[in-house]
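Data block below; observations after.
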Amino acid sequence: MPELPEVEVLVRHLGPLLHGKRIRAVAVLRPKLVRPATPDEFARAITGRRFASLGRRGKYLVFTLHARRGGPALAMLGHLGMTGRMQVQPARASLPRHAGVVFDLGRFRLVYSDTRYFGRCTLDTRPLAELGPEPLGPEFTIADFARRLARSHQAIKVRLLDQSLVAGVGNIYASEALFRARVSPRLAACRLDARRVGSLWRSIRAVLAEAIAWGSTVPLNWDGAGRGDGVFYYGLAPGTRDYYEERLLVYDRAGQPCPRCRAPIQRIVQAARSTFFCPRCQRGRQ
DNA sequence: CACCATGTTCCTTG
DNA sequence: CCAAGGAACATGGT
């Protein structure tokens, strides 16, 4: 499900639902998801605690759990991998097919499900230390972005997927940001001039901010039933098809006309991932 | 059967 | 030590 905007919208949705709720029990149906802790250690550490707050860092959900009898508060990380979902549902509803971790909240429960089980739900917060700046925060500056890019000979599209450069940009929004900035995905990072760096910096922020705004207003089903259950890459929430047609400009649009110049959008493979771009609007190293 | 998929991590090679 | 590339992880859709 997730790149930064999808996680952000999910966090805004879940936060109020979880606030103050006590975790009565935890069922780990997929032990792999809570590594490196064992399911037992995981459950023991959080059972009985209440949710204090929910935040986001890059593509990670950061749950803060209240302290237990004078002890320290505890942070729990959620990462949705490619296909992870999180939802709050009535305790008597049927569990989603690939439920991995279930938090019993009394009348409700928080369910983490994931068809491919690439995600994580863990007390190990070390991954946060590896992340680069939040692209929408004040610590993401053009100067620092430029310095980091200047050190790399890797293609700029591949660089953008490195979470230590900027946190939260994934395969979809990397293509979208480069298209918006009119920068070729194949251009070596160190060869972007100052103008392009500035343009890309602004485009990353704009693309992410617009996606958050869109996902916040569009009707989404959070029960995990429909196709629009918090996923808005493909804009499949009911009644939003028209709007969706204009949302992602190049991603998954190989062969379709570029919305700016009508040249066919091209798909290439970089670092084993698809990249979509307009070979005419995004020049340099074709 | 083939190929593709929103992400991260680990291993190998240079 | 670092950079870069590729496979692996597991399941489903087309």
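The side-chain heavy atoms of A:Val101 and A:Leu29, taken from C-beta on, include no pair separated by under 4.5 Å. Side-chain contact between A:Gln282 and A:Pro185: present, with at least one pair of heavy atoms (C-beta onward) separated by less than 4.5 Å. At a threshold of 4.5 Å between non-hydrogen side-chain atoms, the residues A:Phe118 and A:His79 do not count as touching. For the pair A:Leu17/A:Phe108, no side-chain contact is recorded, criterion being any heavy-atom separation below 4.5 Å from C-beta on.
B:dT8 atom P lies 4 Å from atom NZ of A:Lys59, rounded to whole Å. A:Leu10 places its CG atom 15 Å from the P atom of B:dG7, with the value rounded to the nearest Å. The distance between atom CG of A:Leu161 and atom P of B:dT9, rounded to the nearest whole Å, is 14 Å. Between A:Leu61 atom CG and B:dG7 atom C1' the separation is 14 Å, expressed in whole Å. In this structure, A:Glu130 atom CD and B:dC10 atom C1' are separated by 14 Å, rounded to whole Å. Across the protein-nucleic acid pair, A:Arg148 atom CZ and C:dA3 atom P stand 12 Å apart, rounded to whole Å. The distance between atom NZ of A:Lys157 and atom P of B:dG7, rounded to the nearest whole Å, is 9 Å. A:Arg273 places its CZ atom 13 Å from the P atom of B:dT9, with the value rounded to the nearest Å.
Contact annotation: A:His79 reaches the phosphate of B:dT8 (side-chain N/O to OP1 or OP2, under 4.0 Å).
Looking only at distances, a side-chain donor or acceptor of A:Arg56 sits under 3.5 Å from a matching main-chain atom of A:Gly58.
If you take atom C1' in C:dC9 and the same atom in B:dC1, they sit 22 Å apart, rounded to whole Å. Of the P atoms belonging to B:dC11 and C:dA10, the separation is 15 Å, rounded to the nearest Å.
With sequence neighbours left out, A:Phe51 forms a ring-ring contact (aromatic ring centres under 6.0 Å, His included) with A:Phe63. Applying the side chain to side chain contact (heavy atoms under 4.5 Å, CB included) test to A:Arg267 and every residue at least two apart in sequence or in another chain returns A:Ala254, A:Val269, A:Ser274, A:Phe276. In terms of the side chain to side chain contact (heavy atoms under 4.5 Å, CB included) criterion, residue partners of A:Ser164 (sequence neighbours excluded) are, by chain and number, A:Asp162.
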Side-chain donor-acceptor contacts of residues 135-147 of chain A below 3.5 Å, not counting sequence neighbours, with atom names and distances?
| from | atom 1 | to | atom 2 | distance (Å) |
| --- | --- | --- | --- | --- |
| A:Thr141 | OG1 | A:Asp144 | N | 3.1 |
| A:Asp144 | OD2 | A:Arg148 | NE | 3.1 |

Side-chain atoms of residues 193-200 of chain A: list all donor-acceptor pairs with protein atoms under 3.5 Å, sequence neighbours left out, distances to 0.1 Å.
| from | atom 1 | to | atom 2 | distance (Å) |
| --- | --- | --- | --- | --- |
| A:Asp193 | OD1 | A:Arg195 | N | 3.3 |
| A:Asp193 | OD1 | A:Arg196 | N | 2.8 |
| A:Ser199 | OG | A:Ala181 | O | 3.4 |

Show me, pair by pair, the donor-acceptor contacts under 3.5 angstrom made by side chains of residues 255-264 of chain A, not counting sequence neighbours?
| from | atom 1 | to | atom 2 | distance (Å) |
| --- | --- | --- | --- | --- |
| A:Gln256 | OE1 | A:Arg253 | NH1 | 2.8 |
| A:Arg260 | NH1 | A:Phe179 | O | 3.4 |
| A:Arg260 | NH2 | A:Phe179 | O | 2.8 |

(message) Strictly under 4.0 angstrom, non-hydrogen atoms only: write out the protein contact profile of nucleotides 5-12 of chain C, one letter per nucleotide from the 5' end, B, S or -.
(response) S---BBBS
Within the sub-3.5 Å range, which N or O atoms of nucleotides 12-14 of chain B have a protein N or O partner, and how far apart are they?
none

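For the segment residues 200-208 of chain A, the set of residues with a heavy atom within less than 4.0 Å of an atom of DNA chain B is empty.
Within the hydrophobic cluster formed by Ile, Leu, Val, Met, Phe, Trp and Tyr side chains joined at under 4.5 Å, directly or through other members, A:Val158 stands alone, with no partner residue.
The pair A:Arg12-A:Glu8 counts as a salt bridge, with a side-chain nitrogen and a carboxylate oxygen less than 4.0 angstrom apart.
Residue pairs meeting the salt bridge (charged side-chain N to carboxylate O under 4.0 Å, His left out) criterion with at least one member in residues 100-122 of chain A: none, sequence neighbours excluded.
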(request) State the dot-bracket string of DNA chain B. Criteria: Watson-Crick or G-U wobble, both atom distances under 3.5 angstrom; notation: ( ) intrastrand, [ ] crossing earlier pairs, | interstrand, . unpaired. (result) .||||.||||||||
